[in-house]
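Here the structure is laid out as structure tokens; the discussion comes afterwards.
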Amino acid sequence: MNTKTLQLSWKLLAILLMLYVIVGGFLFEVPALPVIHQTIRNIYFHVGMWFSMIFILFLGFGFSLAYLHTMDLRYDRMVYATVKTGLMFGLLGIITGMIWAQHTWGTWWVNDPKLNGAAVGILVYLAYLVLRSSVDDAARKARLASVYKIFAFVIMFVFIMILPRLTGASIHPGVDGNPALATGDLAPAMQKVFFPAILAWFLFAYWVYTIVHRTDVLKERINQLNNDII
């Protein structure tokens, strides 16, 4: 199987899985639960978006290490693309979470370690973009950004996954482990949609990342051509 066929195959799989998740998420049966009622369907989207963000940002973590090892600017462009993609999915995760909170808790936001940690994680990565824009030299920018990216991923992981568990005071599900991944907690009918949803969101997020990366490379080439002309 050549590269083009492989790329076409996983993209087609992503499309089919996402269509299945959308249809199943809105139409398939879910258990009648108190308080959250039909909003439980949001788990197919909200959780998938957050998992995709962590997945893409973890790729960026690896690319940062690769850049510091090789000093190849190609890896820096890949890191930059993962951050922009990860932020997009992170913001979508916060928005869907706020909508879910409004229907469940009656408010868009609560003073909760899990929610506050997610907001801090997003702010840490927004600071990455500010750092990049403040440095002109390409090599220095890539070096500083890669080092910062490594620490940013660790900080985000601590605020999202570790601190909320240490406090033990979060009302957000998943403080003692992710209930969506505990087969005893997730209804069998929902498992048929949830697990394909995670794969679908991973593939979709990676697809978006490749588009962002190619766009950045194209912009850089256009800028180089313009500078050569001038």
Taking [atom1] in [X] as the centre, count heavy atoms belonging to other residues, nucleotides or ligands within less than 6.0 Å. Is the count above 12?
X: D137; atom1: CG; result: yes
X: Y128; atom1: OH; result: yes
X: F202; atom1: CZ; result: yes

Minimum heavy-atom distance between V79 and G60, given as atom pair plus value: CG2-O, 3.7 Å

H103 to T39 - nearest heavy-atom pair and separation: CB-CG2, 3.8 Å

R77 and D72: CA distance, side-chain angles, deciding distance, salt bridge (charged side-chain N to carboxylate O under 4.0 Å, His left out) verdict: CA-CA 10 Å; R77 289 191 292 268; D72 189 336; 5.6 Å; no

Derivation of the side-chain contact (heavy atoms from CB on, under 4.5 Å) call for V193 and Y20: CA-CA 8 Å; V193 180; Y20 170 76; 4.2 Å; yes

Donor-acceptor pair, [X] side chain versus [Y] backbone, under 3.5 Å?
X: K149; Y: L57; result: yes
X: T104; Y: A101; result: no
X: H46; Y: G93; result: yes
X: R143; Y: M71; result: no

Residues D112 and K114 bridged, charged N to O under 4.0 Å: no

Passing option when F45 is tested against F194, F51, F204, F26 for ring-ring contact (aromatic ring centres under 6.0 Å, His included): F26

Side chain proximity check, M156 to F159, heavy atoms < 4.5 angstrom: no

Donor-acceptor side-chain pairing of Y209 and K84 below 3.5 angstrom: no

Within the 6.0 Å centroid threshold, strictly below: F61 and F153: yes

Aromatic contact, F55 with W201 (centres under 6.0 Å): no

